[in-house]
2 protein chains.
Amino acid sequence: MQKAKNMAIAPEILPDPVLCTVDVVLLTLHLGELHFAVVARDADPFRGVQALPGGFVHPQEDADARECALRVLREKAGVSGPYLEQLSVFSGRARDPRGWSVSIAWVTLVPESSLEEAVGKGLGLRKVHDLGGLPFDHADIVRAASDRVRSKSSYSSLPVHLCQPPFTLPELQSVYESLLGEPVNKVSFRRKMAELDFLEPVEGEMQRSGAHRPAQLWRLKTRFRQALSMTDRGINSGT
Amino acid sequence: MQKAKNMAIAPEILPDPVLCTVDVVLLTLHLGELHFAVVARDADPFRGVQALPGGFVHPQEDADARECALRVLREKAGVSGPYLEQLSVFSGRARDPRGWSVSIAWVTLVPESSLEEAVGKGLGLRKVHDLGGLPFDHADIVRAASDRVRSKSSYSSLPVHLCQPPFTLPELQSVYESLLGEPVNKVSFRRKMAELDFLEPVEGEMQRSGAHRPAQLWRLKTRFRQALSMTDRGINSGT
DNA sequence: AGAATAGTGTCTGTGAGACATTATCTG
DNA sequence: CAGATAATGTCTCACAGACACTATTCT
């Protein structure tokens with residue numbers, strides 16, 4: 001990379017500076033309820049307050065905003081290689097006392113087991129409906145994230161990222177039910193999973209909780225680690 | 001560490017500057033095909049090249065990014081009060097020779113008739129598949145916009161914004177068919193419009209092209225000017 | 001009257017949900 | 001063998017699409 005300060009901008013047309021940040025809504029399922037991760041802020045404003053993991057874009061380190069979000073996730077939650085989707089931009093002069101700011105918000109879904117170490121080091125988990133005391137417009141961001149995830153859950157493979165592979169279909173079904181907030185018909189659910197075709201069986205079975213037939217174990221097909229599998233006709237409530 | 005006092009940010013923790021811009025994909029239907037608007041750039045880089053209407057965020061003028069996009073639309077395309085939806089953020093150090101930049105991209109849909117004046121003043125219209133010669137990553141942005149609009153068209157009221165009210169149901173159906181790229185079943189289409197419930201009849205009828213029964217005229221219910229009406233089960237092809 | 005398009009009634013096949021049944025484990 | 005849960009077979013009803021029919025205009 002030899003490219004120096006090639007294209008300078010004439011000072012008179014340089015716009016006023018905008019603060020450019022990234023915030024990540026890290027979602028996981030804890031005791032059957034959707035939670036998001038918070039960390040204590042280490043600087044003003046709101047020093048010490050629990051907030052979404054985030055930070056300024058570092059143009060020297062981050063090739064783009066996705067890389068920035070991945071860095072934040074690595075540094076603040078010890079998470080690597082997760083499903084990561086851009087949510088929306090939250091912007092304006094009112095949301096941050098330091099000035100006109102842009103927050104590029106991301107959503108990521110991880111199985112609870114992948115957070116154990118970070119939770120030991122101070123990462124917090126809060127229910128997505130418990131939004132009190134969040135700084136900036138982080139409550140809006142979390143609401144947008146959980147709305148997005150819930151609505152996508154009804155017609156896509158998205159919820160699978162909350163399951164630690166390998167997992168059974170009954171386990172995955174209960175994850176869908178937690179997100180959708182209602183029971184799902186078992187036969188329809190399995191038909192839909194077959195149609196979406198994002199799972200592959202893992203050889204070997206699990207027996208868990210003793211006295212019953214063992215269940216087949218499954219994992220996500222690798223080509224769906226970032227792309228979602230979607231269907232026109234959603235998964236509906238059942239039984 | 002941080003010695004940030006009240007509002008000021010200590011210089012040592014100030015991140016490198018990021019260029020913050022807005023780009024708008026203005027879509028309309030021309031001769032039954034989806035087109036996007038371009039304007040000649042009035043400054044380097046790419047001065048004189050046809051590009052998406054856009055520009056730097058002006059923190060003094062724009063309360064937030066949506067207001068900025070609306071200002072751009074007003075100034076460069078003479079459009080006011082359109083349906084406007086945030087598309088995505090395009091970011092990184094590679095997309096703009098001036099440095100690490102963020103483009104907050106928006107999509108807007110307008111009826112062709114509302115562009116007549118601006119087209120007379122130099123606004124260009126290009127087919128969404130004709131992406132040659134666009135600067136920056138504008139081709140990616142247009143692709144993302146048309147993909148988004150096409151996919152939302154199958155299950156929402158989105159295409160209605162391409163129709164100048166009042167319009168007839170056959171006219172609206174042909175707009176849906178243009179976007180979906182396939183014919184739609186008339187009975188299903190009308191059932192779906194009734195279910196989505198975003199239209200209201202306008203008193204008076206139109207007769208057009210003479211010799212046949214006149215059609216009822218419709219317009220969008222006001223509460224759907226920004227919000228979309230959505231359905232689980234999409235509009236599918238027919239006949 | 002006839003042509004042309006708007007708008008509706010109705011049949012049918014597909015597929016989602018309900019329910020019943022089989023399968024396979026533990027104790 | 002009983003009990004528990006996994007997995008599947010099958011019936012039914014709702015709804016999307018097909019098709020035919022009616023409605024209303026103009027020439």
Side-chain angles (χ1 to χ4, degrees), chain A residues 32 153-157 163 165-177 180-197 199-219 229-239, chain B residues 32 153-157 163 165-177 180-197 199-219 229-239:
Chain A
S153 292
S154 64
Y155 61 90
S156 82
S157 57
C163 276
F167 47 81
T168 68
L169 283 181
E171 284 167 356
L172 183 59
Q173 179 172 345
S174 90
V175 168
Y176 271 84
E177 289 171 338
L180 298 175
E182 58 186 8
V184 163
N185 181 279
K186 180 167 63 165
V187 178
S188 300
F189 178 77
R190 283 160 184 261
R191 269 196 297 243
K192 192 60 70 179
M193 292 302 108
E195 178 199 328
L196 287 170
D197 195 33
L199 297 176
E200 61 188 8
V202 179
E203 299 323 313
E205 296 181 334
M206 82 180 310
Q207 27 273 14
R208 271 284 248 296
S209 67
H212 63 286
R213 176 174 174 178
Q216 175 65 54
L217 287 168
W218 303 81
R219 68 178 161 223
S229 176
M230 316 242 267
T231 175
D232 288 348
R233 313 178 72 153
I235 294 157
N236 299 304
S237 65
T239 304
Chain B
S153 292
S154 64
Y155 61 90
S156 82
S157 58
C163 276
F167 47 82
T168 68
L169 283 181
E171 284 168 356
L172 183 59
Q173 179 172 344
S174 92
V175 168
Y176 272 84
E177 289 171 339
L180 298 175
E182 58 186 8
V184 163
N185 181 278
K186 180 169 62 164
V187 178
S188 299
F189 178 76
R190 284 160 182 260
R191 270 196 298 243
K192 192 61 70 180
M193 292 302 108
E195 177 199 328
L196 287 170
D197 196 31
L199 297 177
E200 61 187 9
V202 179
E203 299 322 313
E205 298 181 332
M206 82 181 309
Q207 26 274 15
R208 269 284 248 298
S209 66
H212 64 284
R213 176 174 176 178
Q216 175 65 54
L217 288 169
W218 302 81
R219 67 177 162 225
S229 176
M230 317 243 268
T231 174
D232 288 349
R233 313 180 71 155
I235 293 158
N236 300 304
S237 64
T239 305

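The sequence lines fix the lettering, A, B, ..., with proteins before strands; numbering per chain opens at 1. Since we're looking at a predicted model, the values are computed, not measured.
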Student: If you restrict it to nitrogen or oxygen atoms, what contacts under 3.5 Å exist between nucleotides 21-27 of chain D and the protein, and what is each distance?
Tutor:
from, atom 1, to, atom 2, distance (Å)
dA23(D), O4', Arg213(B), NH1, 3.2
dT24(D), O2, Arg213(B), N, 2.9
dT25(D), O2, His212(B), N, 2.9
dC26(D), O4', Ala211(B), N, 3.4

Student: Working to the nearest 0.5 Å, report the span between CG of Leu180(A) and OG of Ser153(A).
Tutor: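 One gets 6.0 Å once the value is rounded to the nearest 0.5 Å.
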
Student: Using 0.5 Å steps for rounding, measure from the OG1 atom of Thr231(A) to the CE atom of Met193(A).
Tutor: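 Thr231(A) OG1 to Met193(A) CE: 9.5 Å, rounded to 0.5 Å.
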
Student: Under 4.0 Å from OP1 or OP2 of dA7(D): is there any side-chain N or O of Arg190(A) that close?
Tutor: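 Yes, because at least one side-chain N or O of Arg190(A) sits under 4.0 Å from OP1 or OP2 of dA7(D).
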
Student: Whole-Å distance between dG15(C) C1' and Met193(A) CE?
Tutor: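 Distance check: Met193(A) CE to dG15(C) C1' gives 16 Å.
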
Student: Looking only at side-chain atoms of Val187(B), point me to the closest of dG7(C), dA18(D), dT8(D).
Tutor: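 The closest nucleotide is dA18(D).
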
Student: Please report the distance, rounded to the nearest Å, between CD in Gln216(B) and C1' in dT5(C).
Tutor: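 That distance rounds to 15 Å.
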
Student: It should be established whether Asn185(A) places a side-chain nitrogen or oxygen under 4.0 Å from OP1 or OP2 of nucleotide dA16(C).
Tutor: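 For dA16(C), neither OP1 nor OP2 has a side-chain N or O of Asn185(A) closer than 4.0 Å.
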
Student: Measure the distance from CD on Glu182(B) to C1' on dG17(D) and round it to the nearest whole Å.
Tutor: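 Answer to the nearest Å: 13 Å.
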
Student: Could you say whether Glu171(A) or Arg191(A) is positioned toward the 5' end of DNA chain D, judged by the nucleotide with the nearest heavy atom to each?
Tutor: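 Comparing both residues, the 5'-ward one is Glu171(A).
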
Student: Just verifying a value: how many Å separate Gln173(B) CD and Cys163(B) SG, rounded to the nearest 0.5 Å?
Tutor: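 It is 11.5 Å, given to the nearest 0.5 Å.
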
Student: Nearest whole Å is fine: how far is dA6(C) C1' from Leu172(B) CG?
Tutor: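 Going from CG in Leu172(B) over to C1' in dA6(C) covers 15 Å.
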
